[in-house]
Engineer: 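One structure is given below, represented as structure tokens, and several questions about it will come after.
A quick note: this is a predicted structure, and the numbers were derived from the prediction, not measured. Every chain is numbered from 1, with letters handed out A, B, ... down the list of sequences. Keep in mind that the numbers below use all heavy atoms, side chains included, and drop hydrogens, waters and symmetry copies.
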Amino acid sequence: MNSHLVPIATTEGTFTARFSATGLAGLEFPKAAPIPRRAHRSPQPDANLNPHRAPLPAPLARWRAVTARALAEALAGKAPQELPPLDLSVGTAFERRVWAALAGIPWGRTRTYGQIAAAIGRPRAARAVGRACGANPIPVLIPCHRVLGAGGRLGGFSAGLEWKRRLLAREKLPAAPAKM
DNA sequence: CCCTAGCGGTGCT
DNA sequence: AGCACCGCTAGGG
């Protein structure tokens, strides 16, 4: 898998972006501490983070900058102005349709799993939509956190509900603890 | 709140 | 083909 892992430091910790030849292919939440922690030795930049020694895509530096800015904006509670090209070639056809629908949810708005299901023409596949959301390789920028359960329930989140709550709060969205 | 039945996509056997 | 997962949902206590 020709891809480059690139750490992206934010106020919420260091994310890891994965870039393929065609764009941002993955984004991982900070591993342990939400608060960036200084290691004993100063962390090496991205020098050794390419497990496959793939040739460096020429636009990578720009993609990284765009990604870092978009992520910073998202975490600061602002709608990202520009996203890097997204490489969503990995998923199934169904998952890609779900992800495309997620990408269309405006900043500061939410949908339910059922609404996404209906939007992609599979009105009874709400549960499968939830599963596909969990497979979203680029959380935050592909806003799977804006998908809630029916009646405003929080629903689930692969990276932990704490993140979902936090991301929703950044967009001034009701934490929706109301269990109907 | 709980429980149940029904649902669809995915991956493993 | 079968089956066991699941970020679901509607309906009934």
Engineer: Write out the stems for DNA chain B, ordered by first number and formatted as range with range, counting runs of at least 3 consecutive Watson-Crick or G-U wobble pairs under 3.5 Å.
Structural biologist: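 Stems (3+ consecutive pairs) listed as B:1-6 with C:8-13, B:8-13 with C:1-6.
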Engineer: Rounded to whole angstrom, note down the C1' distance from B:dC7 over to C:dC6.
Structural biologist: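 So the two C1' atoms sit 12 Å from each other.
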Engineer: For residues A:Leu75 and A:Leu167, determine if any side-chain heavy atom of one lies less than 4.5 Å from a side-chain heavy atom of the other.
Structural biologist: yes
Engineer: Could you tell me the separation between the CG atom of A:Leu102 and the C1' atom of C:dG7, rounded to a whole number of Å?
Structural biologist: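 Distance, rounded to whole Å: 11 Å.
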Engineer: Atom CG of A:Leu154 and atom P of C:dC8: how far apart are they, to the nearest Å?
Structural biologist: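 Computing the A:Leu154:CG to C:dC8:P distance gives 10 Å.
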Engineer: Whole angstroms only, please: what is the CZ-C1' distance between A:Arg97 and B:dG8?
Structural biologist: 12 Å
Engineer: Under 3.5 Å, which donor-acceptor pairs link side chains of residues 143-150 of chain A to any protein atom two or more places apart or in another chain?
Structural biologist:
from, atom 1, to, atom 2, distance (Å)
A:His145, NE2, A:Glu171, OE2, 2.8
A:Arg146, NE, A:Glu171, OE1, 2.8
A:Arg146, NE, A:Glu171, OE2, 3.1
A:Arg146, NH1, A:Ile105, O, 2.9
A:Arg146, NH2, A:Glu171, OE1, 3.4
A:Arg146, NH2, A:Glu171, OE2, 3.0

Engineer: Give A:Phe94 one of three labels, base, sugar-phosphate or nothing, depending on what nucleic acid heavy atoms sit under 4.0 Å from its own.
Structural biologist: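 Since only primed, P, OP1 and OP2 atoms lie under 4.0 Å of A:Phe94, the category is sugar-phosphate.
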Engineer: The criterion is salt bridge (charged side-chain N to carboxylate O under 4.0 Å, His left out); which residues satisfy it with A:Arg62, sequence neighbours excluded?
Structural biologist: A:Glu82
Engineer: Without decimals, in angstroms, what is the distance between A:Asn136 CG and C:dC6 P?
Structural biologist: 19 Å
Engineer: Starting from P on B:dG9, measure out to CD1 on A:Ile116 and report it in whole angstrom.
Structural biologist: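 Those two atoms, CD1 and P, are 15 Å apart.
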Engineer: So how far is it from A:Glu162 CD to A:Phe29 CZ, rounded to the nearest 0.5 Å?
Structural biologist: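 That separation rounds to 11.5 Å.
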Engineer: So, does A:Trp99 use its side chain to make a donor-acceptor pair with the main chain of A:Ala132 at under 3.5 Å?
Structural biologist: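 Answer holds: yes.
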Engineer: Which parts of residues 118-128 of chain A get close to DNA chain C, meaning a heavy atom less than 4.0 angstrom away?
Structural biologist: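 Of all residues in residues 118-128 of chain A, the ones placing a heavy atom under 4.0 Å from DNA chain C are A:Ala126, A:Arg127.
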Engineer: Students often get this wrong, so: under 4.0 angstrom with heavy atoms, is A:Gly149 touching a base, only sugar-phosphate, or nothing?
Structural biologist: sugar-phosphate
Engineer: What is the distance, rounded to the nearest whole Å, between atom CZ of A:Arg153 and atom C1' of B:dC2?
Structural biologist: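 In whole Å, B:dC2 C1' and A:Arg153 CZ are 13 Å from each other.
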Engineer: Using whole Å, what does the distance between atom C1' of nucleotide C:dA10 and atom CD of A:Gln115 come to?
Structural biologist: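 Roughly 16 Å, once rounded to whole Å.
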Engineer: Return the set of residues passing salt bridge (charged side-chain N to carboxylate O under 4.0 Å, His left out) with A:Glu95 (not counting sequence neighbours), or none when no residue passes.
Structural biologist: A:Arg131
Engineer: Taking a hydrophobic cluster as the set of Ile, Leu, Val, Met, Phe, Trp and Tyr residues connected by side-chain heavy atoms closer than 4.5 Å, whether directly or through intermediates, do A:Val140 and A:Trp107 fall within one such cluster?
Structural biologist: no
Engineer: Quick test of your reading: applying side chain to side chain donor-acceptor pair (under 3.5 Å), list the pairs with at least one residue in residues 113-122 of chain A, sequence neighbours left out, ordered by first then second residue.
Structural biologist: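 Passing the test, one end in residues 113-122 of chain A: A:Tyr113-A:Lys164.
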Engineer: About how many Å separate NE2 of A:His4 and CG of A:Leu24, when rounded to the nearest 0.5 Å?
Structural biologist: 13.5 Å
Engineer: Can you check the A:Tyr113 OH to C:dG7 P distance for me, whole Å?
Structural biologist: 9 Å
